[in-house]
Amino acid sequence: MAQETILVVDDNKEIVYSISELLKYEGYQVMGAYDGMQALDVLEQNKIDLILLDVMMPRLNGLSTLMKLREKHKIPVIILSAKTEESDKVSGLIMGADDYVEKPYNPAELMARVKAHLRRYRAWGGEAPKEDADRIVNGGLVLDKKQRIIEVEGEEVRLTATEYKILELLMEHPGQVFSAEQIYENVWQETAAYAVENTVMVHIRHIREKIEIDTKKPRYVKVVWGIGYKMERY
């Protein structure tokens, strides 16, 4: 397989350098750009497999750059931005970003996200999987109801029957919060006649270990404190 090329776009040259060194160590080719206009020029002249894109930049900011590149390109884009800029996260995902990593970034998490999106892009040939009656798609998760399997970023992940049923319930109702009792009654098909929080919590933890890149900062299965669990919609 040819070496993959990643474009790092940030007006802070030290950040471009540090991320580039990290990526090169992992075996990737790296190109750099220091504003959105440079990034679009690089993209026109080179085959790029993934872009790490800062938001706050001169000449053309990250979100405007994202809009322009999405007119022609389907390659994965991971937004890099400060934790306080929550609106950038929402805007970026709406405009077509594939993921969002907060600054200051954790190098291991950043590399895990890069590898996951490249794997997903290769597996699906640049096209997002289509949802139909037999498949539920949410971000990098694809749940096949006919085969009763789950794919995470293009790779099949093995779940127990109970884990599958819990994930199916949450994915069928993205954004809806389910209490531990509701999950138990839906999945186990019996009344929650005793404290079931621990039983459900253990299964949720196992699901997260299998589908999340970082279980400490889960992207998909979220806890709503004091209420229950939900599947974040992407």
Side-chain angles (χ1 to χ4, degrees), residues 78-79 81-95 97-102 105-106 108-110 112-113 116-117 120 128-234:
I78 300 176
I79 293 283
S81 196
K83 187 175 183 179
T84 53
E85 294 158 356
E86 182 66 23
S87 61
D88 293 339
K89 175 181 179 179
V90 175
S91 300
L93 293 172
I94 289 172
M95 289 178 187
D98 296 273
D99 210 342
Y100 184 98
V101 174
E102 294 172 353
Y105 61 88
N106 176 298
E109 180 190 355
L110 179 61
R113 298 273 184 99
H117 284 289
R120 174 183 172 189
K130 300 293 188 291
E131 187 161 314
D132 55 39
D134 294 321
R135 293 204 302 181
I136 306 172
V137 179
N138 187 34
L141 302 181
V142 180
L143 186 139
D144 190 316
K145 299 168 75 172
K146 186 176 285 186
Q147 299 184 70
R148 298 182 71 79
I149 60 171
I150 179 80
E151 287 185 9
V152 181
E153 311 295 358
E155 283 197 350
E156 184 178 332
V157 171
R158 293 186 179 277
L159 298 179
T160 67
T162 301
E163 290 164 2
Y164 174 86
K165 289 176 185 175
I166 293 172
L167 193 58
E168 182 180 43
L169 173 68
L170 296 176
M171 287 187 69
E172 283 180 334
H173 304 88
Q176 182 176 333
V177 181
F178 289 88
S179 68
E181 289 79 7
Q182 288 173 316
I183 292 173
Y184 186 87
E185 290 178 357
N186 270 280
V187 170
W188 277 264
Q189 294 291 301
E190 57 185 62
T191 304
Y194 62 95
V196 296
E197 287 87 352
N198 282 345
T199 301
V200 172
M201 182 179 67
V202 168
H203 283 86
I204 292 288
R205 187 176 75 239
H206 290 160
I207 290 170
R208 279 175 161 175
E209 288 169 353
K210 294 175 181 180
I211 71 168
E212 302 283 4
I213 289 173
D214 184 352
T215 56
K216 292 179 181 176
K217 290 197 292 183
R219 185 173 185 229
Y220 295 108
V221 180
K222 300 287 185 75
V223 173
V224 181
W225 294 108
I227 304 175
Y229 303 93
K230 72 171 182 176
M231 170 62 65
E232 195 74 60
R233 187 195 300 268
Y234 287 97

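- Between the side chains of Tyr184 and Glu197, no donor-acceptor pair is found at a separation under 3.5 Å.
- In this structure, CE in Met201 is found 12.5 Å from CD1 in Ile183, a value given to the nearest 0.5 Å.
- Taken from CG in Leu167 to NE2 in His206, the straight-line distance is 14.5 Å, to the nearest 0.5 Å.
- Side-chain contact between Tyr164 and Lys145 is present, with heavy atoms from C-beta onward closer than 4.5 Å.
- The two atoms that bring Tyr100 and Arg113 nearest to each other are O-NH1, 2.9 Å, heavy atoms only.
- At a threshold of 4.5 Å between non-hydrogen side-chain atoms, the residues Val202 and Arg205 count as touching.
- In this structure a side-chain-to-backbone donor-acceptor pair under 3.5 Å is present from Arg233 to Pro174.
- Between atom NZ of residue Lys165 and atom CG of residue Leu159 there is a gap of 13.0 Å, rounded to the nearest 0.5 Å.
- Between the Tyr229 side chain and the Leu170 main chain, no donor and acceptor come within less than 3.5 Å of each other.
- The CG atom of Leu143 sits 10.5 Å away from the CG atom of Asp134 when rounded to the nearest 0.5 Å.
- The shortest non-hydrogen separation linking Thr215 to Glu209 is CG2-CA, 3.8 Å.
- How far CD1 of Ile150 is from CZ of Arg158: 14.0 Å, rounded to the nearest 0.5 Å.
- Minimum interatomic distance between Lys210 and Thr160 (heavy atoms only, all atoms of both residues): NZ-N, 4.2 Å.
- Here the CD atom belonging to Glu163 is positioned 14.0 Å from the CD atom belonging to Glu168, to the nearest 0.5 angstrom.
- Heavy atoms only, all atoms of each residue included: Ala116 and Ile213 are closest at CB-CD1, 3.8 Å.
- Considering all non-hydrogen atoms of both residues, Ala97 and Ile79 come closest at CB-CG1, 3.6 Å.
- Side chains of Thr199 and Trp188 form a contact here, defined as non-hydrogen atoms less than 4.5 Å apart.
- The closest donor-acceptor contact from the side chain of Glu212 to the backbone of Tyr220 lies under 3.5 Å.
- Judged by distance alone, the side chain of Arg219 and the main-chain N or O of Ile211 form no donor-acceptor pair under 3.5 Å.
- Taking both residues in full, the closest heavy atoms of His117 and Ile78 are given as CD2-CD1, 3.8 Å, listed atom of the first, atom of the second, then distance.
- Side chains of Ile136 and Val142 form no contact here, defined as non-hydrogen atoms less than 4.5 Å apart.
- A donor-acceptor contact closer than 3.5 angstrom is absent between the side chains of Asn106 and Glu109.
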Show your working on side chain to side chain contact (heavy atoms under 4.5 Å, CB included) between Leu141 and Met231 and close with a plain yes or no.
CA-CA 11 Å; Leu141 302 181; Met231 170 62 65; 4.1 Å; yes

